[in-house]
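All values derive from a computational prediction rather than experimental measurement.
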Amino acid sequence: MFDYQAILKKYWGFDQFREKQLDIIRAVVEEQRDVLALLPTGGGKSICFQVPALAMPGMTLVISPLIALMNDQVDHLLAAGIPATSLGGKLSSQELDRRLDRCVDGKIKLLYISPERLLSDRFQPYLQHFKLSLIAVDEAHCISQWGYDFRPSYLNIKQIRVLHPKTPVVALTASATPRVQSDIAEKLGFKDHHVFQRTFYRPNLALFAVNTEKKYDYLWRVVQKNAGSGLVYTSSRKSTVLVSDWLQKANQSAAHYHAGLSPQERLQRQSDWITNKIRIMSCTNAFGMGIDKPDVRFVVHWQLPASLEAYYQEAGRGGRDGNLSYAVLLYNQADLRQLRAQLKEQFPSKDLIKKVYQRLGDYFQWAVGSGKGIYKPFYLEQFARYCGLGNKEVLHALEILRLDGWIDWSEPVVQPSRLQVLAGNRQLYEYQLGTPLHEPLIQTLLRGYTGIFDETVKIDEWAIAKRISSTPEWVRKQLRTLDKLGFVLYVEQSDEPVLALVTERLPISSIKISKTVYEERIKALGEQVEAMIGFVEHPGECRFVYLCKYFGEEDVSPCGKCDVCLQNKKYTHPEQVAEAVLQFIAESPATYESLLVSLQRKYAANDIENALDWLQGKGLIAKNEQLIQAVKDNKR
């Protein structure tokens with residue numbers, strides 16, 4: 001019998017699994033079943049494949065669209081002594097082959113890869129030689145054309161099962177409607193449709209949707225009433241700057257974040273927010289994915305998100321520590337009109353889409369019959385000027401070409417600098433004797449970064465420069481020199497976007513835009529937009545009840561915390577609920593979450609909290625952050 005608890009404790013330091021995690025692990029390890037895991041944002045999805053990876057004899061293949069997240073997880077695994085690697089980011093052919101050789105030799109337990117690289121000529125010959133024990137598909141909603149972030153490259157995953165038909169698959173996502181769940185199972189070739197789902201209800205998250213023309217006034221109320229850090233999501237780069245400037249003028253610690261900032265600026269601001277040097281981040285949805293900050297007390301949406309899936313994921317970044325957090329969506333009638341207008345903008349005419357395809361070939365000088373798989377640096381603004389079209393028109397046309405499988409296009413993603421020492425200790429020692437200039441730098445690298453001989457590790461040139469009393473520019477220059485000498489592999493920080501044709505360039509008469517990514521998606525996205533509008537405009541129903549019904553969860557009681565519940569709630573004296581609370585904890589202590597789950601069908605969450613405060617004031621219970629227990633010696 002596998003001791004999953006021991007693995008969890010040894011490598012992650014946790015004493016207990018979260019709800020559903022152990023069920024998922026047993027299903028894939030012991031029963032070898034295909035599993036779809038629906039766990040909320042911050043709900044511990046990675047544990048569901050990382051623990052099985054260590055319990056099973058072979059290698060686990062992890063497919064993820066997020067290069068930054070892949071590298072972060074690999075860094076954490078290596079620091080814990082778990083052999084892992086990734087094929088994300090810029091890698092030389094030599095380094096790519098070296099990593100794949102280690103996988104074939106059984107020296108790697110977890111291999112992270114982007115879906116785009118699955119069918120590459122470099123990767124395919126190795127795939128059949130892997131001893132795969134598990135295939136993990138992160139952000140699994142991306143495989144469904146009915147999901148909110150469909151990525152055609154995810155369709156390649158099913159082909160892995162041809163070579164490894166007996167290897168189970170665990171697909172993980174934070175949100176998926178019943179239709180998307182069925183589509184994920186079908187697209188991944190599940191042998192049966194086995195779903196583990198935690199409730200979409202978050203007892204410590206209070207949802208508010210406020211129709212207001214005075215957004216700054218309401219934002220100020222949120223900022224003033226809630227201590228701790230927060231996020232303000234906006235729909236444009238310009239809005240991120242306006243909101244952060246306003247907050248700074250109001251003497252708040254704030255900054256803005258969007259994809260137009262330099263890589264160094266983005267990394268620095270992300271770090272400052274995580275370490276609480278910045279309290280509030282005003283940002284586009286480029287910020288937050290893969291960032292697990294537990295103490296976010298409020299998440300404000302400045303405009304309406306395009307779907308409830310996106311809203312739930314972003315709002316769910318609040319309150320991951322289990323304490324109360326507020327998700328406040330600010331909107332007005334202009335926002336409602338804009339959301340519907342954006343849907344139309346997303347689907348330019350098919351003639352314009354074909355024109356953009358043709359101009360791509362001209363721009364990169366790819367003749368008909370050439371250009372397949374040749375990745376070129378690609379900057380949207382420059383190409384839009386070349387086409388004589390607006391940025392948005394070109395952006396949406398490229399997105400449809402990508403979804404329909406004509407092009408592969410990656411938008412900028414910050415990739416921190418990474419380094420690996422290739423030379424042996426003796427070689428480094430002799431080099432330092434002959435080149436004393438580099439001795440402080442080499443010693444700082446060897447002492448400051450564990451595992452640097454085995455794998456490329458994330459480095460910070462600014463921190464290294466500070467330790468050796470130099471400048472980041474000097475450090476980069478010397479690392480480039482060591483790279484040329486073959487002593488190290490140095491991959492500098494980058495966020496360069498690239499584009500390639502998936503097939504050889506075809507004449508424009510051969511370009512057909514499929515009904516699936518055009519007409520059918522117009523309908524599907526239109527339904528998502530109307531569901532989002534229904535969420536904010538729907539009268540009289542608890543926000544969480546509406547949200548959970550959208551995701552196919554019917555048996556949910558009103559939360560008692562959202563603006564609708566507070567408006568509709570009749571006052572309930574705490575003593576009316578106290579008896580039920582005492583009865584529940586009479587035999588043994590309970591967590592707040594288990595108490596809430598048990599009693600929420602009869603009482604609102606707010607009433608339960610008031611009863612707990614009342615009981616504590618009477619000396620009848622004792623509670624801390626983890627447990628609530630009855631005080632046996634006291635009597636009412």
Side-chain angles (χ1 to χ4, degrees), residues 2-31 33 35-56 60 62 64 69 72-73 76-77 80 82 110 134 136-141 168 170-176 181 194-205 288-296 312-313 315-325 544 547-548 551 553 556 559 588-598 600 605 623-628:
F2 298 101
D3 193 347
Y4 308 115
Q5 197 75 44
I7 294 172
L8 183 71
K9 181 66 176 177
K10 178 180 178 180
Y11 291 103
W12 287 274
F14 300 134
D15 293 319
Q16 297 292 331
F17 285 101
R18 295 184 187 179
E19 183 186 356
K20 300 295 184 185
Q21 285 181 330
L22 192 54
D23 295 331
I24 294 165
I25 291 167
R26 284 173 172 158
V28 297
V29 177
E30 297 170 22
E31 301 172 25
R33 302 188 69 168
V35 167
L36 172 58
L38 287 164
L39 300 177
T41 302
K45 291 188 286 292
S46 60
I47 290 292
C48 297
F49 59 81
Q50 289 174 344
V51 169
L54 298 179
M56 301 165 84
T60 292
V62 185
S64 171
L69 183 58
D72 282 345
Q73 288 203 8
H76 289 141
L77 291 168
I82 300 169
L110 292 106
L134 180 64
V137 182
D138 202 11
E139 306 295 338
H141 57 271
V170 56
L172 309 109
T173 182
S175 58
Q181 292 176 36
H194 201 63
V195 179
F196 288 95
Q197 179 176 336
R198 276 174 60 178
T199 177
F200 286 93
Y201 176 57
R202 292 274 303 278
N204 65 313
L205 198 59
M289 187 69 74
I291 297 173
D292 189 8
K293 181 172 169 61
D295 59 343
V296 178
Y312 180 73
Q313 190 165 57
R317 293 182 182 131
R320 294 188 182 182
D321 56 4
N323 295 323
L324 182 63
S325 184
F544 251 119
L547 192 66
C548 290
F551 289 118
E553 189 178 349
V556 178
C559 70
S588 61
T591 64
Y592 171 74
E593 187 171 6
S594 65
L595 180 69
L596 195 66
V597 169
S598 176
Q600 69 177 354
K623 64 175 183 172
N624 54 36
E625 291 184 2
Q626 283 78 37
L627 293 175
I628 302 161

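- Note: Glu553 CD to Leu547 CG = 9.5 Å, rounded to the nearest 0.5 Å.
- For the pair Leu205 and Gly318, the tightest heavy-atom approach, listed with the atom from each and the gap, is CD1-O, 4.0 Å.
- The structure places NZ of Lys20 at 9.5 Å from CZ of Arg198, a figure rounded to the nearest 0.5 Å.
- Between atom OH of residue Tyr4 and atom CD1 of residue Ile25 there is a gap of 7.5 Å, rounded to the nearest 0.5 Å.
- Judged by distance alone, the side chain of Gln197 and the main-chain N or O of Leu38 form no donor-acceptor pair under 3.5 Å.
- Nearest heavy-atom pair across Val28 and Leu134 is CB-CD1, 4.2 Å.
- Nearest heavy atom pair, residue Ala590 against residue Ser594, reads CB-OG, 3.7 Å.
- Shown here are the side-chain hydrogen bond (donor to acceptor under 3.5 Å, both in side chains) partners of Thr173, two or more places apart in sequence or in another chain: His141.
- Nearest heavy-atom pair across Ala174 and Lys45 is CB-NZ, 4.1 Å.
- The structure places CZ of Phe196 at 7.0 Å from CZ of Arg33, a figure rounded to the nearest 0.5 Å.
- Counting only distance, with no hydrogens or angles, the side chain of Arg317 and the backbone of Val296 share no donor-acceptor pair below 3.5 Å.
- Between Ile47 atom CD1 and Phe14 atom CZ the span is 6.0 Å, to the nearest 0.5 Å.
- Among residues two or more places apart in sequence or in another chain, the side chain to side chain contact (heavy atoms under 4.5 Å, CB included) test is passed with Ser175 by Tyr148, Phe200, Glu309, Tyr312, Phe551.
- Asp321 approaches Asn323 most closely through the heavy-atom pair OD1-N, 3.0 Å.
- Contact annotation: the side chain of Val137 never approaches that of Leu172 to less than 4.5 Å [non-hydrogen atoms, C-beta and beyond].
- Rounding to the nearest 0.5 angstrom, the gap separating the NZ atom in Lys293 from the CZ atom in Arg320 is 11.5 Å.
- Contact annotation: the side chain of Leu39 approaches that of Ile24 to within less than 4.5 Å [non-hydrogen atoms, C-beta and beyond].
- Closest approach of Ile7 and Leu54 over heavy atoms only: CG2-CD1, 3.8 Å.
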Derivation and outcome, side chain to side chain contact (heavy atoms under 4.5 Å, CB included), residues Ile628 and Thr591: CA-CA 6 Å; Ile628 302 161; Thr591 64; over 6 Å; no
